[in-house]
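Down below is the structure, laid out as structure tokens.
As the structure lists them, so they are numbered: ligands from 1, and atoms in each ligand from 1.
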Amino acid sequence: MRIIRSIKKLRQFVKNAKRKGKTIGFVPTMGYLHEGHLSLLREAKKDCDICVVSIFVNPIQFGPKEDFSRYPRDIKRDKFLLKSAGADIIFYPSIKIMYPPGFLTFVVIERLSDVLCGNSRPGHFKGVTTVVTKLFNIVQADIAYFGQKDIQQSIIIQKMVEDLNMPLKIKLMPIVREIDGLAMSSRNVYLFPQQRSDAVILWQALKKAKQMINMGERSSQAIISSIKKLICTKKRVRIDYIDCVSIDNLTSLRKLKGRVIIALAVWIGKVRLIDNIIVRA
Ligand code: AMP
């Protein structure tokens, strides 16, 4: 496994690999890796000859009051995990390399970026789509892997790839969960023990929603108010949003029909957690 910090060196590596007819799989991450990230890498290894994992905590996707500076980082541990899991390249650029002085260009996917997490985190998806475009241009992968954990992000990136004719395939992978159902996230490390045990309420809420849908409930209002009530039994948990949206365009649904995402975001102390399920109604 090689760690490459320069864009030029990465391009050279990719050029050589492509000349030999190798396919390239790409897993973009912000590091502090867990099984969720590694599941993407394992899938990439099944599909592609060479797997590139990027580690870059992207400053422009964090709001001014968000957790950019205290986002967890541990490159030593990440290197070890990626080596054990069989990554070929870690692309680990500096902020200065990605955003040199005078950087002026941004990629915005309209509408999809303004709802759900985009509503609570203005500018977040503009930062995501800009960095992902840069990474796609640098890595030139055949397939890039994203997790359902960040379903809105994946849908926005899929749309961007289609709209801008980017020559790669996007593969969406399921959410990897802890034994009690909490979706794995680098941010889980911030949770104090009591908060960690409260956090399982997200998964319980989503399971409850699924149960209601399986029993024939189609009113999103009924589902949302029922899971709101469940979450409110945890005094330390504050709801950011709960919504039932169409998987095609992320619009809120009054009556559930077809493939639907139940998505939620909550605050537990200073930690904002997200989770979702996809259900067929
Ligand atoms: P991050 O480092 O949080 O930006 O995540 C990098 C990639 O890993 C994104 O495509 C995430 O959706 C994905 N990911 C994060 N957590 C999980 C999880 N628990 N299960 C599956 N994929 C995940």
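- Nearest protein heavy-atom contact of atom 23 (C) of ligand 1 is Lys149 CB, 3.9 Å.
- Using a 30° and 60° split on the angle between ring planes, Phe26 and Phe136 fall in the perpendicular class, above 60°.
- Under a 4.0 Å N-O distance rule, the pair Lys159/Asp248 does not qualify as a salt bridge.
- Under a cutoff of 6.0 Å and an axis angle of 45°, Arg2 and Phe13 do not form a cation-pi pair.
- For atom 12 (O) of ligand 1, the closest non-hydrogen atom on the protein side is Asp150 OD2, 2.6 Å.
- Close contacts between ligand 1 and Leu40 involve ligand atoms 7 (C), 8 (O), 10 (O), 13 (C) [criterion: under 4.0 Å to a heavy atom].
- Distance from atom 4 (O) of ligand 1 to its nearest protein heavy atom, with residue and atom name: Met30 CG, 3.6 Å.
- Judged purely by atom type and a 3.5 angstrom limit, Glu43 has no side-chain atom pairing as donor or acceptor with the backbone of Met173.
- Within the structure, ligand 1 has His34 among the residues with a heavy atom less than 4.0 angstrom away.
- Within the set Ser185, Pro174, Ser186, the minimum heavy-atom distance to atom 21 (C) of ligand 1 is found for Pro174.
- Numbered from 1 in the order shown, with element, the atoms of ligand 1 that lie under 4.0 Å from a heavy atom of Met184 read 16 (N), 17 (C), 18 (C), 19 (N).
- When only interatomic distances are considered, the shortest N/O to N/O separation between Gly147 and ligand 1 falls below 3.5 Å.
- Of the N or O atoms in Met173, none lie within a sub-3.5 Å distance of an N or O in ligand 1.
- The distance from atom CZ of Arg259 to atom CD1 of Ile247, rounded to the nearest 0.5 Å, is 4.0 Å.
- A donor-acceptor pair under 3.5 Å is absent between the side-chain atoms of Glu66 and the main chain of Phe68, judged by distance alone.
- A perpendicular orientation is assigned to the rings of Phe106 and Phe103, their planes being inclined by more than 60° (bins at 30° and 60°).
- Judged by the shortest distance from any of its heavy atoms, Pro28 lies inside the 4.0 Å radius around the atoms of ligand 1.
- When only interatomic distances are considered, the shortest N/O to N/O separation between Val176 and ligand 1 falls below 3.5 Å.
- Close contacts of ligand 1 with Thr29, meaning ligand atoms under 4.0 Å from a residue heavy atom, involve 2 (O), 6 (C).
- In terms of heavy atoms, Ala199 sits closest to Leu191 at CB-CD1, 4.1 Å.
- Judged by the shortest distance from any of its heavy atoms, His37 lies inside the 4.0 Å radius around the atoms of ligand 1.
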